[in-house]
Number of protein chains: 2
Amino acid sequence: MKPNDILQQHEVKKTLSRIALIKALQTSEQPLSENEIRDRMLDQYDRITFYRNVQTLSESGILHRIVIDNTHVKYALNCCEKEHHHAIDHVHFYCKECGKTVCLDEVPVQQYPLPDGFKLDECDVVIKGYCKDCPGNHNA
Amino acid sequence: MKPNDILQQHEVKKTLSRIALIKALQTSEQPLSENEIRDRMLDQYDRITFYRNVQTLSESGILHRIVIDNTHVKYALNCCEKEHHHAIDHVHFYCKECGKTVCLDEVPVQQYPLPDGFKLDECDVVIKGYCKDCPGNHNA
DNA sequence: GTAATTAATGAAACAATGTTTCAACTAAAG
DNA sequence: CTTTAGTTGAAACATTGTTTCATTAATTAC
């Protein structure tokens, strides 16, 4: 799907930086870090605009943030019209060696029981380990 | 259990700042943020030492870090001799209104299936919502 | 297509969280 | 009580993210 159409469909302004951001994410199968996005946006990249667009576009359901831990955050387009504003709907895998992050779309999140009176809003599941290409796989 | 004994049992040096850190965490039923710990440590608190002790004491299995998101991190003593170096073994609940964090020790974490060749190391589950004391509970 | 309106941009400055280096110090062991 | 090895705290830095404000670009009306 073209960046232009995505933006129009979600009723946010079509600006050059947003189109460049979406294009950058479309060049990858996997979620990308800010640095990886910056490298793909070249001179279209501005840090402040990036953060603002991440906020706007995630609120409108175009992309979502994946918090691996307090120092690693990834960004990914919402696949296939599923409008997950946060990373509610699927499990994420993070390779501790190469940093590759995978959305495990097909894996449903368990319904965890909460104490009485508590209300669920979202549930983030991050699995950390080693992907099949990484040697860390053989060490432990 | 006394801070001194905890440190001895895990074979790390008994220093004033470590004892103060453990004492601070023992004053609370729930995991605490750095600021909450600082307030409890008073003049025994030093930022750099704090971060170093968090690292040392979590490696030795005395406490663990709970990453709520990229801007909210909590710290908690490992309860009952369970030596979870990371927050592997239990689910955490975070109240989006008051920030209260609860370790749901009794809740087992589902074994999520991974793609072929991928290896699990840890699985972090953070449930966000509203605790029973918070009005956000009634808004949504 | 042009003017008016509204929202987005980018610069500067800031805030929070965490790390590194290095000299001074303290805990544990002999 | 002395030695040794690990710990501390100061200074400086790195990363991620936010706020304000003037400028600029995108949409709407004409």
Side-chain angles (χ1 to χ4, degrees), chain A residues 2-24 31-39 41-60 62-75 86 94 99 101 126, chain B residues 2-22 24 31-39 41-60 62-75 86 94 99 101:
Chain A
K2 281 180 179 159
N4 240 297
D5 298 337
I6 295 175
L7 290 166
Q8 190 155 43
Q9 191 176 298
H10 289 82
E11 295 175 313
V12 291
K13 279 197 179 174
K14 296 166 232 163
T15 68
L16 291 178
S17 64
R18 286 175 188 171
I19 290 167
L21 171 56
I22 293 174
K23 272 187 188 162
L32 298 176
S33 69
E34 184 192 348
N35 284 345
E36 290 165 335
I37 292 169
R38 167 171 50 66
D39 293 345
M41 287 179 71
L42 304 170
D43 55 327
Q44 258 304 323
Y45 172 82
D46 172 78
R47 254 168 50 77
I48 296 141
T49 304
F50 168 77
Y51 282 112
R52 261 190 299 227
N53 280 338
V54 161
Q55 203 169 321
T56 306
L57 300 195
S58 79
E59 277 165 7
S60 65
I62 293 175
L63 52 79
H64 64 279
R65 287 162 40 104
I66 304 157
V67 177
I68 303 302
D69 57 43
N70 52 323
T71 54
H72 295 95
V73 178
K74 303 269 184 168
Y75 305 90
H86 7 251
Y94 174 78
T101 301
V126 177
Chain B
K2 280 180 181 159
N4 241 298
D5 299 336
I6 294 175
L7 291 165
Q8 188 154 44
Q9 191 177 298
H10 290 82
E11 295 175 313
V12 291
K13 280 199 177 173
K14 296 166 231 163
T15 67
L16 291 179
S17 63
R18 286 173 188 171
I19 292 167
L21 171 55
I22 293 174
L32 298 176
S33 68
E34 185 193 347
N35 284 344
E36 289 165 337
I37 292 169
R38 169 173 49 68
D39 293 345
M41 288 179 70
L42 303 172
D43 54 326
Q44 259 304 323
Y45 172 83
D46 172 77
R47 252 165 53 76
I48 296 141
T49 305
F50 168 77
Y51 282 113
R52 261 189 300 227
N53 281 338
V54 161
Q55 203 169 321
T56 307
L57 301 195
S58 78
E59 277 164 9
S60 67
I62 294 176
L63 52 78
H64 64 279
R65 287 162 39 104
I66 304 157
V67 177
I68 303 302
D69 57 44
N70 52 324
T71 54
H72 294 95
V73 179
K74 302 270 183 168
Y75 306 90
H86 6 250
Y94 174 77
T101 301

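When the P atom of C:dG18 is taken as reference, atom NE2 of B:His72 falls 11 Å away, rounded to whole Å. Atom C1' of nucleotide C:dG18 and atom CZ of B:Arg38 are separated by 15 Å, given to the nearest angstrom.
From the 5' end on, the contacts that DNA chain D makes with chain B at under 4.0 Å to a non-hydrogen atom open and close at D:dA5 to D:dG17.
Taken from OG in B:Ser60 to NZ in B:Lys13, the straight-line distance is 14.5 Å, to the nearest 0.5 Å. Interatomic distance, CE of B:Met41 versus CG of B:Asp46, reported as 8.5 Å (0.5 Å rounding).
The shortest side-chain heavy-atom distance between B:Thr56 and B:Arg18 falls under the 4.5 Å cut-off. Side-chain contact check for A:Val126 versus B:Val67: every heavy-atom pair is 4.5 Å or farther apart. When side chains are defined from C-beta on, B:Leu21 counts as touching B:Leu63, because their heavy atoms get closer than 4.5 Å. Within the 4.5 Å cutoff, the side chain of B:Leu57 has heavy atoms near those of the B:Leu7 side chain. Put simply, the side chain of A:Val54 does not reach to within 4.5 Å of the side chain of A:Glu34, judged on heavy atoms.
Defining each end axis of the helix from C:dG1-D:dC30 to C:dG30-D:dC1 as the rotation carrying four pairs' C1' atoms onto the next four, with five pairs an end, the two axes are found to diverge by 40° to 10 degrees.
Listed by residue number, A:Asp46, A:Ile48, A:Thr49 are the residues of residues 43-51 of chain A with a heavy-atom contact under 4.0 Å to DNA chain C.
If you check the side chains of A:Asn53 and A:Ser17, you find a donor sitting under 3.5 Å from an acceptor.
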Going through the checks in order, is the side-chain contact (heavy atoms from CB on, under 4.5 Å) test met by A:Arg65 and B:Asn70? CA-CA 10 Å; A:Arg65 287 162 40 104; B:Asn70 52 324; 2.9 Å; yes
Between A:Thr49 and A:Thr15, does the side-chain contact (heavy atoms from CB on, under 4.5 Å) criterion hold? Intermediate values first, please. CA-CA 11 Å; A:Thr49 304; A:Thr15 68; over 6 Å; no
Go through the steps for A:Tyr51 and A:Arg47 under the test side-chain contact (heavy atoms from CB on, under 4.5 Å), then give the verdict. CA-CA 6 Å; A:Tyr51 282 112; A:Arg47 254 168 50 77; 3.7 Å; yes
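Residue order along DNA chain D, read from the 5' end via each residue's closest nucleotide, puts B:Asn53 first among B:Asn70 and B:Asn53.
Every residue two or more places apart in sequence or in another chain that forms a side-chain contact (heavy atoms from CB on, under 4.5 Å) with B:Thr101 is listed here: B:Pro31, B:Ile68, B:Lys74, B:Tyr94. Remark: A:Asn4 engages A:Lys14, A:Ile19 in a side-chain contact (heavy atoms from CB on, under 4.5 Å) (not counting sequence neighbours).
Look at B:Tyr75 and you won't find any side-chain N or O under 4.0 angstrom from OP1 or OP2 of C:dT17.
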Tabulate protein N/O versus nucleotide N/O from nucleotides 22-28 of chain C, keeping only pairs under 3.5 Å, one per line.
| residue | atom | partner | partner atom | Å |
| --- | --- | --- | --- | --- |
| C:dA28 | OP1 | B:Lys14 | N | 3.0 |

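At a threshold of 4.0 angstrom between heavy atoms, the contacts of B:Thr71 are confined to the sugar-phosphate backbone, with no base atom among them.
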